[in-house]
Amino acid sequence: MRDDALMEELATALRAADPVPPGLVEMGQAIYTWRLVDAELAELSSPVAAGPLVRADEVAALRDLAFQTESGLVIELGVSGDALLGQLDPPAEGEVRVVTGAGPGPGLPVDEVGGFRISPIPPGRFRLHFRGGGLNVVTTPIYWGGTHDE
């Protein structure tokens, strides 16, 4: 069978399929969010004072946001060029994932001093999910809608 004929057959089959019932996609997306139900929530606490964020191999010149959990973990975030640099306090090694509407991204390392780097900064709305060292923490949503001039 030629590629064109196969493609036409597939297109015909797809046109004949029933449409997705209204609300089914939204229901599936809502159910998918329950995968983080056991994670502790880190809420935006406040902008933090200027000062360096430490990472084993890099330092950000500013701190823009801080998230805090009920158990006392603080997640500080700063923008440095096209990267989001972060620090866990108290420090904990593990991994962080950027979670967007499309789902979680790959795990990125959190080093021995609790530092991590996300580059490029994800556009739009996202959360950060931390695991390791006894952590299972997800931030409230973060919205990145622009650029940062250094």
Side-chain angles (χ1 to χ4, degrees), residues 7 10-11 13-15 17-150:
M7 292 306 289
L10 286 172
L14 288 174
R15 283 191 294 273
D18 292 333
V20 176
L24 187 61
V25 171
E26 291 82 9
M27 187 174 18
Q29 290 171 336
I31 290 169
Y32 182 69
T33 63
W34 276 93
R35 76 195 182 290
L36 300 177
V37 74
D38 65 335
E40 184 177 8
L41 182 64
E43 297 182 289
L44 181 64
S45 57
S46 67
V48 293
L53 287 174
V54 178
R55 203 174 98 98
D57 60 353
E58 192 169 7
V59 174
L62 59 111
R63 287 186 249 177
D64 294 327
L65 299 174
F67 295 83
Q68 187 164 5
T69 67
E70 286 187 16
S71 64
L73 176 72
V74 175
I75 302 163
E76 296 175 338
L77 301 175
V79 177
S80 179
D82 70 342
L84 188 62
L85 299 184
Q87 176 92 42
L88 301 181
D89 185 20
E93 285 186 77
E95 72 174 20
V96 58
R97 291 180 188 271
V98 174
V99 182
T100 65
L108 303 169
V110 178
D111 67 24
E112 67 275 6
V113 294
F116 59 92
R117 183 177 201 276
I118 298 169
S119 180
I121 300 171
R125 189 172 182 256
F126 62 94
R127 294 175 182 252
L128 299 178
H129 185 201
F130 298 89
R131 286 196 155 209
L135 293 178
N136 186 15
V137 174
V138 64
T139 64
T140 54
I142 302 166
Y143 179 79
W144 178 254
T147 60
H148 177 74
D149 297 321
E150 292 199 81

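Values reported hereafter were calculated over all heavy atoms of this structure, with side chains retained and with hydrogens, waters and symmetry mates removed.
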Summary of salt bridge (charged side-chain N to carboxylate O under 4.0 Å, His left out) pairs that have at least one residue in residues 99-108, sequence neighbours excluded: none
Set of residues satisfying side chain to side chain contact (heavy atoms under 4.5 Å, CB included) with respect to Pro91, sequence neighbours excluded: Asp89
Search all heavy atoms of Leu77 against all heavy atoms of Gly86 and return the closest pair with its distance. CD2-CA, 4.1 Å
Would a 4.5 Å heavy-atom cut-off, applied to side chains only, mark Val138 and Val99 as touching? no
Heavy-atom nearest pair, Val110 first then Ala92, reads CG1-O, 3.1 Å
For a 4.5 angstrom cut-off between non-hydrogen side-chain atoms, does Arg117 reach Leu85? yes
Compare every heavy atom of Glu112 with every heavy atom of Glu93, then report the nearest pair and how far apart it is. CG-CA, 3.4 Å
Is the shortest side-chain heavy-atom distance between Gln87 and Ile75 below 4.5 Å? no
Any chance you could measure Phe67, atom CZ, to Ile142, atom CD1, to the nearest 0.5 Å? 4.0 Å
At their closest point, which heavy atom of Pro122 faces which heavy atom of Ile118, and how far apart are they? CD-CG2, 4.1 Å
Go through Phe116 and Leu108 one step at a time and tell me if the side-chain contact (heavy atoms from CB on, under 4.5 Å) criterion holds. CA-CA 8 Å; Phe116 59 92; Leu108 303 169; over 6 Å; no
Heavy atoms, side chains only, cut-off 4.5 Å: are Val98 and Pro104 in contact? no
Nearest 0.5 angstrom please: Phe130 CZ to Thr69 OG1, how far? 11.0 Å
Within a strict 4.5 Å, meaning less than it, do heavy atoms of the Leu88 and Val96 side chains meet? no
Which residues satisfy the side chain to side chain donor-acceptor pair (under 3.5 Å) test with Glu95, sequence neighbours excluded? Arg97
